[in-house]
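Accompanying notes for the structure given below.
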Amino acid sequence: MTDFASLLLPDRGQPAHGIQLLRTDQIDAWLATQPERTRVAIATARFAGKPGDVAILPGHKPDEWSIAAGVGPNAGTGDDPWQLAALVAALPAGQYRLHDAVPAAALLGWLLAHHRFDRYRTAADPIPQRILLTPRSAEIAATVALASATALVRDLVDTPASDLGPSELAAEVERVAARFQASLVVTQGDDLARGFPLVAAVGRAAVPARGPRMVELLWGDPAHPRIAIVGKGVVFDSGGLNIKPGGGMLLMKKDMGGAAHALALAMLVMEARLPVRLHLLIPAVENAIAGDAFRPGDVLSSRKGITIEIGNTDAEGRLVLGDALTRAGEDAPELILDFATLTGAARVALGPDLPALFSNDDTLADALVAAGTASGDPVWRMPLWAPYADMLKSGIADINNAGEGGLAGAVTAALFLQRFVPSDIAWAHFDTFAWRPSARPGRPKGGEALGLRAAWHYLSDRYGPASIPPSTAETGRV
């Protein structure tokens with residue numbers, strides 16, 4: 001549990017160790033103004049002002065030490081959330097203040113450098129608590145909320161499927177709903193088979209305790225603009241009868257990463273009390289293997305009435321999203337955003353850091369790309385290239401769930417989803433990895449929020465002002 005609210009406090013002149021951020025080209029001029037003890041400390045530490053360089057500077061008294069920290073060449077500019085993260089990892093526990101202002105985004109990195117997924121650690125290994133005093137008191141609550149949402153994504157994705165099945169994922173949504181007095185509807189069993197037949201078909205091979213369900217959360221004034229947020233909640237993907245090789249299953253606990261993103265974004269919307277009518281939809285399933293698993297060659301009916309020939313049972317995420325997107329569109333929202341760990345093709349094209357963004361609306365796509373840049377959470381727009389829809393043709397049904405030939409896999413998956421979105425509703429689809437394959441400062445290896453800050457920046461700009469009372473943000477602990 002990371003108590004982010006205790007790590008970022010208003011600066012009211014409390015005792016604290018100062019931090020001087022220095023670029024290489026600033027050191028000589030700065031040293032010329034410093035006492036001999038500081039120059040000796042800098043020389044002893046071989047401080048060169050490079051990122052990660054840290055020197056402890058003695059003061060007049062033993063407890064009056066301060067810090068010199070090397071930073072990148074663009075420190076203090078732009079919106080890089082991670083420019084303080086490496087520094088935090090090098091500091092002992094204590095209370096600190098920066099001598100120079102940094103962008104508000106950097107405060108997020110300070111907080112997230114303290115986060116660790118430690119649910120399964122048997123030996124205590126506490127992270128030193130470094131408290132930052134900031135004059136940006138108006139931005140504290142929003143930063144704490146964003147850190148909590150990011151940590152929620154990481155923790156959910158890192159949790160193995162043995163402890164995060166469809167029922168546990170639904171319980172997590174229920175917990176968030178209760179916190180914000182939102183209404184919750186969970187559809188399962190015979191009602192699921194009738195109302196969401198694709199979700200039921202994908203999840204029917206799981207044992208009864210891990211049966212599929214559709215989870216819907218509603219919040220906000222019905223008179224406000226309606227928005228829908230949809231997340232793929234495949235808690236584990238074996239590939240079904242088109243079984244994945246062993247290596248391909250190693251990360252499949254993260255196949256509910258889209259649901260984690262959607263829930264975290266919904267939490268931010270509610271915490272900021274954006275003036276919207278929010279509809280969150282998460283189809284929660286396990287793509288398991290059993291005697292009644294859906295098969296290659298089967299033809300399934302969808303909530304929308306579109307019939308789908310199954311070309312590959314490992315293309316199950318688009319099936320459950322199809323029913324969820326259909327349900328989202330039935331109430332005519334002005335905006336639908338969906339998140340999914342949908343295709344390996346997107347990772348081949350863009351690597352692990354860049355979510356692929358697809359949209360049926362140029363204005364929406366441009367705004368999301370700009371929001372990603374502004375929030376230090378970039379996304380890359382990919383084309384909904386209509387001619388590739390021919391790859392999804394079926395000889396016996398309305399559409400096939402897997403494109404022929406294996407080309408343009410991310411595009412054909414998005415084109416499949418588009419069939420379930422009303423053409424007059426602005427829609428964007430994030431094909432995100434939700435995983436960091438190697439650690440970076442403030443970003444451990446494992447589950448990661450990729451596209452969350454971009455989407456939140458866009459929503460808060462479009463529907464703001466966002467106002468998070470400090471009392472609310474301080475309860476947002478992960």
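Quick caveat: nothing in here was measured; it's all calculated off a predicted structure.
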I'd like to know whether CH2 of W380 has more than 12 heavy-atom contacts from other residues, nucleotides or ligands below 6.0 angstrom.
no
Using every non-hydrogen atom in the two residues, find where V421 and L325 come nearest and quote the distance to one decimal.
CG2-CD1, 4.0 Å
Do the side chains of K254 and D158 get close enough for a salt bridge, i.e. N-O under 4.0 angstrom?
no
Salt bridge present between R381 and D362 (N-O < 4.0 angstrom)
yes
Whether H429 and W427 hold their rings parallel, tilted or perpendicular, with breakpoints at 30° and 60°
parallel
Nearest 0.5 angstrom please: L268 CG to L274 CG, how far?
9.0 Å
Residues E448 and R154 bridged, charged N to O under 4.0 Å:
yes
V230: which of L281, I282, L337 passes side-chain contact (heavy atoms from CB on, under 4.5 Å):
L281
Which heavy atom of G240 sits nearest to which heavy atom of S238, and what is that distance?
N-OG, 3.0 Å
Measure across A149 and M267 and return the closest heavy-atom pair with its distance rounded to 0.1 Å.
CA-CE, 3.7 Å
What pair of heavy atoms forms the shortest contact from R347 to L354, and how long is it?
NH2-O, 2.9 Å
How far does CG of L133 sit from CG of L98, to the nearest 0.5 angstrom?
9.5 Å
Inter-residue atom distance W110.CH2 - L91.CG, 0.5 Å rounding:
5.5 Å
Can D431 and T343 be counted as having a side-chain donor-acceptor contact under 3.5 angstrom?
yes
With sequence neighbours left out, what residues match F196 under ring pair (Phe, Tyr, Trp, His ring centres under 6.0 Å)?
none
Take L192 and V199 through the test side-chain contact (heavy atoms from CB on, under 4.5 Å) and record every step on the way to the result.
CA-CA 7 Å; L192 185 75; V199 180; 4.2 Å; yes
One should read off an interatomic distance between L350 CG and L450 CG, to the nearest 0.5 angstrom, of 11.5 Å
Anything under 3.5 Å between a donor and an acceptor, one on a side chain of residues 41-48, the other on a protein residue two or more places apart or in another chain? List them.
| unit_1 | atom_1 | unit_2 | atom_2 | d |
| --- | --- | --- | --- | --- |
| T44 | OG1 | V40 | O | 2.8 |

D255 and T341: side-chain donor and acceptor closer than 3.5 Å?
yes
Does E334 pair with R462 as a salt bridge, N-O distance under 4.0 Å?
yes
Determine which pairs satisfy ring pair (Phe, Tyr, Trp, His ring centres under 6.0 Å) with at least one residue from residues 252-288, sequence neighbours left out, and list them in order.
H261-F339
Would you call D25 and R23 a salt bridge, using N to O less than 4.0 angstrom?
yes
Distance, nearest 0.5 Å, that separates CZ of F4 from OG1 of T150
8.0 Å
Answer yes or no: is there a side-chain heavy-atom contact under 4.5 Å between V186 and L184?
yes
Is R116 salt-bridged to D125, going by a charged N under 4.0 Å from an acidic O?
yes
Any side-chain donor near an acceptor of the partner, D155 and H115, under 3.5 Å
yes
Between R179 and E174, does at least one N-O distance fall below 4.0 Å, as a salt bridge requires?
no
Quick one: side chain to side chain contact (heavy atoms under 4.5 Å, CB included) partners of A367, sequence neighbours excluded?
Y458
Output all residues satisfying ring pair (Phe, Tyr, Trp, His ring centres under 6.0 Å) with W30, sequence neighbours left out; order by chain, then residue number.
none
What is the distance from atom CD1 of I227 to atom CD1 of I425, rounded to the nearest 0.5 Å?
13.0 Å
Heavy-atom nearest pair, A86 first then P441, reads N-CB, 3.6 Å
Please list all pairs meeting salt bridge (charged side-chain N to carboxylate O under 4.0 Å, His left out) that have one or both residues in residues 215-228, counting only residues at least two apart or in different chains.
E216-R327, R226-D331
